[in-house]
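Take a look at this one; I'll ask things after.
These numbers come from the heavy atoms of this one structure, side chains and all, not from hydrogens, waters or symmetry mates. Below, chains carry the letters A, B, ... as their sequence lines are ordered, and counting in each starts from 1.
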2 protein chains.
Amino acid sequence: MSANSNVPESLPRVPELDKRKAYILTTVVYEYIATAEPVGSATLTQKYNLGVSSATIRNEMAELEARGYLVQPHTSAGRVPSDTGYRTYVDRLMPAETLGSEESGRLRAEFMRAGRALDEIVEQATRLLAQYSQSLAVVVAPSKDSQTFRHLQLIWLAERSVLMVVVTTAGVTEQHVIEPAVNVDPDDLTRASNALNRRLSGKLLAELDRTAVSDVLAAMSPPLHASLVDGVVAGFARVRRPEERRILFGGAQHLLDQPEFRDFKKLRSILDLVEEQRTLYHVVLESIERGESTPSVRIGGELELDDINECSLVTIPYRMGDRSLGVLAILGARRMPYGRMMALIAATADHLSQHLTDVELP
Amino acid sequence: MSANSNVPESLPRVPELDKRKAYILTTVVYEYIATAEPVGSATLTQKYNLGVSSATIRNEMAELEARGYLVQPHTSAGRVPSDTGYRTYVDRLMPAETLGSEESGRLRAEFMRAGRALDEIVEQATRLLAQYSQSLAVVVAPSKDSQTFRHLQLIWLAERSVLMVVVTTAGVTEQHVIEPAVNVDPDDLTRASNALNRRLSGKLLAELDRTAVSDVLAAMSPPLHASLVDGVVAGFARVRRPEERRILFGGAQHLLDQPEFRDFKKLRSILDLVEEQRTLYHVVLESIERGESTPSVRIGGELELDDINECSLVTIPYRMGDRSLGVLAILGARRMPYGRMMALIAATADHLSQHLTDVELP
DNA sequence: GCTAGCAGTCTCGAAAAGTGAGTGCCAATA
DNA sequence: TATTGGCACTCACTTTTCGAGACTGCTAGC
């Protein structure tokens, strides 16, 4: 068989590896990703145009193992990439991929079907990412405090009971019940709502702290009762809730298709992580702290979490307008088609960001 | 060992089974639920006060098998309950259980921590049900159209763009963007909002169809533009969305603890069902169509779904005030502690209903 | 520097053998 | 007539054994 088209004949330069070693590493990673079987020297000479015998490959592979790029599961087995091997492959050897226009078009069309509601859109993104990646999709839902305040309404419910409804430009509405110490005149509520809308509409929720709110309400005459002002401040704080972000999962069943997860212990520890949410939430957020807009990859031990040290995580942030709202992630076996996954997650983030930007309220 | 305290000495009458057969069936089910191993005649004589020899038990068990209450996995194994066996146990033999007051108290306290937001409360219910049952919890979120309309606000966003925000007494807010054919005066929006609130507040969302809305808006002078009226009607229809109900899952990892799911095929088919959602949604809703408020149990083949014919499903509806909002369910192995599960799900539904009723808006 | 050949190592799967739990049946018994 | 002890038999499960196959590292020769 001739050289596989996905393994380019001419490779980028990797200072510490000569051309042949780089090519061998590339083919080992590629072959192992495709077959899930340790790769032996004979397989390589048969399937790829190496121009040398298997004995030479053996020598080279031994060298690559000594330098930490490959490992042997046991003495009489072929080689498997190490974290370093995968890392070198991803950073320097792998050809960049982009999603085919046909697939990209389908993805876009699916987003259109999600409607305008933020929750729905994010759920749809999770579903699509899981489906297209055939892997576990993890999505951190939009943070509240990076959304723009659009409108507020204080609604008289009963004596000493006021409902505060807040709308953001992301089309998210949140409500909060205020129980002021005195009965409040519905007209005052309308006036307060109007004043807050006039003065604060368009600001980030994160900016709407006690000072901002009191400043607006203090200017009213007659002044509002302090307990109501406190209630509105508390309402904004509650709506904002930067600490509580929803995290969505999809496609857990795809893990069962990977031979590396045919082990109830591993499966259990991953599902526990999913259920517990908090750890994965932090791991996913860490991955994009640098604020890049290209996919970020963390491989095996790089995740610094024993439960998933045989997994890799691909992450990318998504936006509404120019504000970063949340993160998409794919968690899969370390043996994943990195090029495809990165192309897929980048395209998904693009379409998601575009769709979110389109549905933002004026 | 003496008779186990969970298997009562005196059993209810089962017309078609004599006292001893009923007792043997009870102990077989009880023992199998506890150990997950087929139950043999020797085990029964050793662990329970039967007063007869194992040979007699063998005769009785053969009889119970002939009548369809027990089955033998293979010739030289003990017996396992059939669907009929479990059904008889659940309906007539099993002692009723209630949740201990300590556990019930903890459950109530956990609900308190969920706050007032409907979404959060339902998510909390899912988590708690999964955690306490150590099983897969399935929760059908509240239907929109059984909620009471409380307040509406039409908000001017831009020319030919109006945001409609609807609040229900369940404290759920939904928004819908209306794009009328003409520019609308913000004052008209306020008047329309006031009219709709005055006339329709307190009605079920399900009642707010085209007629109800047009009747109110037709009385306005000057009349609203027809396209805006259409928009409001569409908005109510969209908010109501009876066909789209969220369904929540929790505790999938607990399946891995049951020996009956140590099989990737079975596991896969259940996780596929979870991911697909629609089938389980229908199965869960079917279970409570009778409108009872006690737990309903469906065992194995009774579910009429090949993928889960080795599972049982316990369901119960939950309420806000006197309206049924949704359903709680536990999906687990057929070999589940039915008494405990039924007590648990009943208590959870009670606390959930109580908490929801408490946080309903006036 | 490369290669052919070979001995050595280790995993994996199939086959074989042994183990034990549990049954059904029967003749004896109260 | 219901019950019991005894016994032969069955069958899944575990352990062991064994051979095949895959791959390596090494060495001597080109």
Side-chain angles (χ1 to χ4, degrees), chain A residues 1 17-25 27-32 34-82 85 259-260 262-263, chain B residues 1 17-25 27-32 34-82 85 259-260 262-263:
Chain A
M1 206 185 286
L17 293 178
D18 63 46
K19 202 173 150 191
R20 192 167 68 192
K21 285 200 181 59
Y23 187 64
I24 291 173
L25 176 55
T27 50
V28 170
V29 175
Y30 182 82
E31 185 70 13
Y32 183 61
T35 64
E37 297 293 333
V39 184
S41 56
T43 312
L44 287 192
T45 47
Q46 280 158 32
K47 288 206 188 172
Y48 300 88
N49 267 340
L50 289 158
V52 289
S53 77
S54 65
T56 307
I57 304 298
R58 279 202 287 283
N59 290 331
E60 294 284 56
M61 286 170 99
E63 179 75 8
L64 282 166
E65 181 171 4
R67 297 218 220 152
Y69 294 97
L70 300 177
V71 290
Q72 238 177 332
H74 56 85
T75 331
S76 69
R79 258 80 174 200
V80 161
S82 67
E260 30 272 90
R262 305 243 138 183
D263 170 327
Chain B
M1 207 185 288
L17 294 178
D18 63 46
K19 203 175 151 193
R20 192 168 67 192
K21 285 199 182 61
Y23 187 64
I24 290 173
L25 176 55
T27 50
V28 170
V29 175
Y30 182 81
E31 185 70 13
Y32 184 61
T35 63
E37 297 292 333
V39 184
S41 55
T43 311
L44 287 192
T45 45
Q46 280 159 33
K47 289 206 186 173
Y48 301 87
N49 266 342
L50 290 157
V52 291
S53 76
S54 66
T56 308
I57 305 298
R58 280 202 286 284
N59 290 331
E60 294 285 55
M61 285 170 100
E63 178 75 8
L64 281 166
E65 179 171 5
R67 297 217 219 150
Y69 294 98
L70 300 177
V71 290
Q72 238 177 330
H74 57 84
T75 331
S76 68
R79 258 78 172 202
V80 159
S82 66
E260 31 270 271
R262 305 242 138 184
D263 170 328

Only distances under 3.5 Å count here; give the side-chain donor-acceptor pairs of residues 35-43 of chain B to other protein atoms, sequence neighbours excluded, each with its distance to 0.1 Å.
unit_1: B/Thr35; atom_1: OG1; unit_2: B/Glu31; atom_2: O; d: 2.9
unit_1: B/Thr35; atom_1: OG1; unit_2: B/Glu37; atom_2: N; d: 3.2
unit_1: B/Ser41; atom_1: OG; unit_2: B/Arg58; atom_2: NH1; d: 3.2

Checklist entry - Residues in side-chain contact (heavy atoms from CB on, under 4.5 Å) with B/Val71, at least two apart? => result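 B/Val71 satisfies side-chain contact (heavy atoms from CB on, under 4.5 Å) with B/Val80, B/Ser82 only.
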Next on the checklist: Going by side-chain contact (heavy atoms from CB on, under 4.5 Å), name the residues that satisfy it together with A/Ser53, two or more places apart in sequence or in a different chain.
Outcome noted: A/Ala55, A/Thr56
Item to check | With sequence neighbours excluded, residues passing side chain to side chain donor-acceptor pair (under 3.5 Å) with A/Gln72 | outcome: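 Applying side chain to side chain donor-acceptor pair (under 3.5 Å) to A/Gln72 gives none.
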Next on the checklist: Just to verify, what does B/Arg262 make a side-chain contact (heavy atoms from CB on, under 4.5 Å) with, not counting sequence neighbours?
Outcome noted: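 Per chain and number, B/Arg262 pairs via side-chain contact (heavy atoms from CB on, under 4.5 Å) with A/Phe264.
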Next on the checklist: B/Asn59: which residues meet the side-chain contact (heavy atoms from CB on, under 4.5 Å) condition with it, sequence neighbours left out?
Outcome noted: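 Testing B/Asn59 for side-chain contact (heavy atoms from CB on, under 4.5 Å), a comparison that skips the adjacent residues, returns none.
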Item to check | Span of DNA chain D, from the first to the last nucleotide whose atoms fall under 4.0 Å of chain B heavy atoms | outcome: D/dT3 to D/dA12
Next on the checklist: Using whole Å, what does the distance between atom P of nucleotide C/dC12 and atom CZ of A/Arg262 come to?
Outcome noted: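 In whole Å, C/dC12 P and A/Arg262 CZ are 16 Å from each other.
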Checklist entry - If the sugar-phosphate is the primed atoms plus P, OP1 and OP2 and the base is the rest, what is the B/S/- string for nucleotides 21-30 of chain C, using protein heavy atoms under 4.0 Å? => result BSBBB-----
Item to check | Reported CG-to-CD distance for the pair B/Leu70 and B/Glu60, which is rounded to 0.5 angstrom | outcome: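 Answer for the CG-CD pair, B/Leu70 versus B/Glu60, is 11.0 Å.
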Next on the checklist: To the nearest 0.5 Å, what is the distance between CZ on B/Arg79 and CG on B/Leu44?
Outcome noted: 10.5 Å
